[in-house]
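The structure under discussion appears below in the form of structure tokens.
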Number of protein chains: 2
Amino acid sequence: MDVKNEPSHLNDLSVVKSVSLTSALEKELERLILTGELEPGERINEIHLSNRFGTSRGPIREATRSLEAKGLVEVVRNRGVFVRRLSVQDAIEIYDVRAALFGQAGRLLAERMNDELLAELTRLVDEMDVVAERGSFDDYYPLNLAFHNFIVTSAGNRTLTAEYHRFVNKLHLFRARALVQGGGLAVSNREHRAMLEALASGDGDRAQMTHWRHVALAKRRVIAAVDGASRID
Amino acid sequence: MDVKNEPSHLNDLSVVKSVSLTSALEKELERLILTGELEPGERINEIHLSNRFGTSRGPIREATRSLEAKGLVEVVRNRGVFVRRLSVQDAIEIYDVRAALFGQAGRLLAERMNDELLAELTRLVDEMDVVAERGSFDDYYPLNLAFHNFIVTSAGNRTLTAEYHRFVNKLHLFRARALVQGGGLAVSNREHRAMLEALASGDGDRAQMTHWRHVALAKRRVIAAVDGASRID
DNA sequence: CGATCGCATGGTGTTGACAGTTGTCAATCT
DNA sequence: AGATTGACAACTGTCAACACCATGCGATCG
């Protein structure tokens, strides 16, 4: 075995050979895009990237084709690939899809509810109540994320989970993303409680409805925020 | 304008230069997969394909990476890419996602209903009734497809439409696809009428429910068919 | 006779080079 | 001055060659 004796703390990309360069690059590019290091609308220069990562252009091109299919970038022939920029309209459409998926997750979870799941969900909602009371948004955000992820993951449909995350990711490309966070912590958590009760009841219809509505209301808040912002401009 | 004066009836793949080779190949491969010309589980040989299409391996690799992201093929490092094979479990999961998306489409359509849309939907359902009466499955199938497509498209959410079709496509990879068609034409069209009435009423909740249920029932029929088949084996 | 090792082979992973296209900038013309 | 043209620079599209890996087969050894 001629193991390359490279220090293991090198760039993530040197840990390759067990996983293809292409998929490692794809992950890294996705990270750069979702963290905003590559901004929406920005052009991705293949040569520049290949220099930066020390590879040739082939794997980078393959990675970007994959990202294109995932909807994170846009490829224009002979012009290059651009980080996808979401319009307000796009974001609204995504909210509808997300609502549908999240509602389905709620239904599935209600149908397989048990004490253990209920305990964890209750814990999260209780904790969010505490944090919301003192209006600490920075503490609320990760809890909120964990709550939603827990619901979707626990629903037990891997396809649904993957799809849900794909769309949540896409929302990161929304320029006016800052607006998404409007609407009061207490209000949000009141909706969480309604979801929790529906889940506890084991009523699939009711769970789907409450979960759907939670996202639909988030969508409405975003629209309101966007309208407000554009009125100011 | 220096329009290339090539006969327009050439091979699909030679009409390139306006559209990239990669995306032309991707479309062609997708067609081969969805029509079953490339069977689920079958390995895709890059060299073989590049000879067949007269290109190098680069564009083919890019196309397959895109198909991988779309979930139509599976890439195993150093082994090759394989046409994805869906398990019964996968198919069931997809039905849940599809139900969620179709339900959402129903809701959106109900909220933007008008006489013109209603007329077309009614026409399709009436026609399906006629065809169902004489049990002609071959005539029913395209009408049924058109009906569903019309609903999803008319809902006016392009993201949702794309996503819905992606999942319907994926179901084509299901080995036991023949079973999907079980369950009586008349029964199916009775569900269509319920959907139609809900849409006509403009009640979003009710429309979402009826549309969701229609797919959920289809899922149940598939499960029953699969169970029956496996009991025979 | 069975198991293991090594090698040959077919195929994928990655690269560097070349061809073709787009956008820019300066010189020229109106 | 403004518009137009032509050449140049920067990139992307495509290709062919090389490197590396996985599998199967046969020789060798226990």
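The chains referred to below are lettered A, B, ... by the order of the sequence lines, with proteins before strands, and numbering in each begins at 1.
Here A:Arg77 does not reach the OP1 or OP2 of D:dC11: none of its side-chain N or O atoms lies under 4.0 Å away. Listed pair A:Asn45 / D:dT12 meets the phosphate criterion, a side-chain N or O lying under 4.0 Å from OP1 or OP2. Using a 4.0 Å cut-off, no side-chain N or O of B:Arg57 falls inside it from OP1 or OP2 of D:dC15. Applying the 4.0 Å criterion to OP1 and OP2 of D:dT23, one finds that B:Arg79 has a side-chain N or O inside that range.
For A:Arg61 and C:dG13, the CZ to P distance is 17 Å, given to the nearest whole Å. For the pair A:Ile47 CD1 and C:dC18 P, the computed distance is 14 Å after rounding to whole Å. The separation between A:Asn51 atom CG and D:dT12 atom P is 12 Å, rounded to whole Å. Atom NE2 in A:His48 sits roughly 9 Å away from atom P in D:dC11 (whole-Å rounding). Look at CD on A:Glu46: it is 11 Å from P on D:dT14, rounded to the nearest Å. One atom, CD1 of B:Ile44, and another, P of C:dG13, lie 13 Å apart when rounded to the nearest Å. C:dT14 atom P lies 9 Å from atom CG of A:Leu25, rounded to whole Å. Atom CG of A:Leu21 is separated from atom C1' of C:dT15 by 11 Å (rounded to the nearest Å).
In summary, of the residues considered (B:Arg98, B:Lys170, B:Glu93), a side-chain hydrogen bond (donor to acceptor under 3.5 Å, both in side chains) with A:Thr159 occurs for B:Glu93 alone.
Residue A:Gly80 is in sugar-phosphate contact alone, with no base atom involved, counting any heavy-atom pair closer than 4.0 Å across all strands shown.
In this structure, B:His211 has its ring center at least 6.0 angstrom away from the ring center of B:His148.
Under the 3.5 Å distance criterion, the side-chain polar atoms of B:Ser66 are left unmatched by any main-chain donor or acceptor of B:Ala63. Remark: side-chain polar atoms of A:Arg61 are not paired, donor with acceptor, to backbone N or O of A:Glu46 under 3.5 angstrom.
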Verdict with reasoning, A:Glu28 to A:Arg52, per salt bridge (charged side-chain N to carboxylate O under 4.0 Å, His left out) = CA-CA 12 Å; A:Glu28 178 63 6; A:Arg52 173 169 175 182; 5.3 Å; no
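Relative to the side chain of A:Asn78, the nucleotides C:dT15, C:dT21, D:dC15 differ in distance, and C:dT21 lies closest.
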